[in-house]
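Before any comments, here is the structure.
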There are 2 protein chains.
Amino acid sequence: MGASKSEAFSAEQQNLAALAKALAHPARIAIVQHLLQVDSCICGDLVHELPLSQPTISQHLKELKLAGIIKGNIEGSSICYCIHTNQIAPLHTFISQLLNCTATNSTCC
Amino acid sequence: MGASKSEAFSAEQQNLAALAKALAHPARIAIVQHLLQVDSCICGDLVHELPLSQPTISQHLKELKLAGIIKGNIEGSSICYCIHTNQIAPLHTFISQLLNCTATNSTCC
DNA sequence: TTTATATATTGCAATATTACGATAAAACTT
DNA sequence: AAGTTTTATCGTAATATTGCAATATATAAA
């Protein structure tokens, strides 16, 4: 019967999957790339940068924020979103392990 | 009107999102962790390691393979799956950029 | 206070993902 | 050849994600 059996996995596994999921959409990759590029971003820019409506962008921002990949401060009549470095580290470490994986595998693949 | 407007984004953005999506499930994180640990893996192990049925695991393996994160060779009556390092590099590079992002952001967040 | 301007939330339709029973396919064993 | 073992695929139900129009909320400007 259906989706979601995530509870059956460890907190670490769920955390890594959640971080990856936050980046698992081209729009959210684009948002983060834009944040990296302008180095300090007000959300309004994005509505002109991306081929998506304002509500949809707002929703993607919310997901990135929930995952801890960006953070946002109220700034006058707009909101300033920035990269939030800290949370992403575990995913980075995990992927590093994958890249360094070159041991006894050679025997079979 | 619904889901999937991915075509509107660049090939690079779609590629990064696809790689992240492949890791965006606890079961697939668990599979990759197991592959890292045993260093050379036959799928059968996983059915005993994970709280999921054989068809479901086979499906997750297929997705990881499609994303180029693992590769598999036929080996007698079973299949040997291993980490496939090469494809993951772009995602690693991207996340590294996020971690190193500490420039003029400080003014607003 | 009224009017802009900007972001968030709600509600809903379209689509994608997840999970598994049943079944198929492939290769080894006897 | 018949049976065993192992992985893949099909079909389908449950659930999650995506996208946007409409609307709400909040601040700045007039």
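Order of the sequence lines fixes the chain letters, A, B, ..., with proteins taken first and strands second; residue numbering starts at 1 for each chain.
Between B/Leu46 atom CG and C/dA19 atom P the separation is 14 Å, expressed in whole Å. Between the CG atom of A/Leu52 and the P atom of C/dT7 there is a distance of 15 Å, given to the nearest Å. Going from atom CD of A/Glu63 over to atom P of C/dA8 covers 13 Å, rounded to whole Å. The nearest whole Å value for the distance from the NE2 atom in B/His60 to the P atom in C/dT17 is 12 Å. In this structure, CG of A/Leu66 is placed 14 Å from C1' of D/dT17, rounded to the nearest angstrom. Atom CD of A/Gln54 and atom C1' of D/dC20 are 10 Å apart (whole Å). The CG atom of B/Leu61 sits 11 Å away from the P atom of D/dT9 (whole-angstrom rounding). B/Lys65 places its NZ atom 9 Å from the P atom of D/dT9, with the value rounded to the nearest Å.
Toward the 5′ end of DNA chain D lies the nearest nucleotide of B/Pro55, the other residue of the pair B/Pro55 and B/Ser6 mapping further downstream. Residues B/Pro51 and A/Lys62 both approach DNA chain C. Their nearest nucleotides, taken by heavy-atom distance, put A/Lys62 toward the 5′ side.
Looking at A/Leu61 and A/Ile57, their side chains come closer than 4.5 Å, going by heavy atoms from C-beta outward. Inter-residue side-chain proximity for B/Phe94 and A/Val32 is flagged as met; some heavy-atom pair is nearer than 4.5 Å.
Within residues 11-27 of chain A, the residues approached by DNA chain D to less than 4.0 Å at the level of any non-hydrogen atom are A/Lys21, A/His25, in residue-number order.
Residues meeting the side-chain hydrogen bond (donor to acceptor under 3.5 Å, both in side chains) test with A/Ser53, sequence neighbours left out: A/Thr56. Listed by chain and residue number, B/His25 satisfy the ring-ring contact (aromatic ring centres under 6.0 Å, His included) test with B/His60 (two or more places apart in sequence, or in another chain). Judged as a side-chain hydrogen bond (donor to acceptor under 3.5 Å, both in side chains), and not counting sequence neighbours, the contacts of A/Ser10 are A/Gln13. The ring-ring contact (aromatic ring centres under 6.0 Å, His included) check on B/His92 picks up A/His92, with sequence neighbours excluded.
OP1 or OP2 of D/dC20 lies within a sub-4.0 Å distance of a side-chain N or O belonging to A/Thr56. Listed pair A/Tyr81 / C/dA8 meets the phosphate criterion, a side-chain N or O lying under 4.0 Å from OP1 or OP2. The shortest distance between the side-chain N/O atoms of A/Ser53 and the OP1/OP2 oxygens of D/dG19 is not below 4.0 Å. Between A/Lys5 and D/dT15 there is no side-chain N or O to OP1 or OP2 distance below 4.0 Å.
The stretch residues 16-30 of chain B participates, sequence neighbours left out, in these salt bridge (charged side-chain N to carboxylate O under 4.0 Å, His left out) pairs: B/Arg28-B/Glu63.
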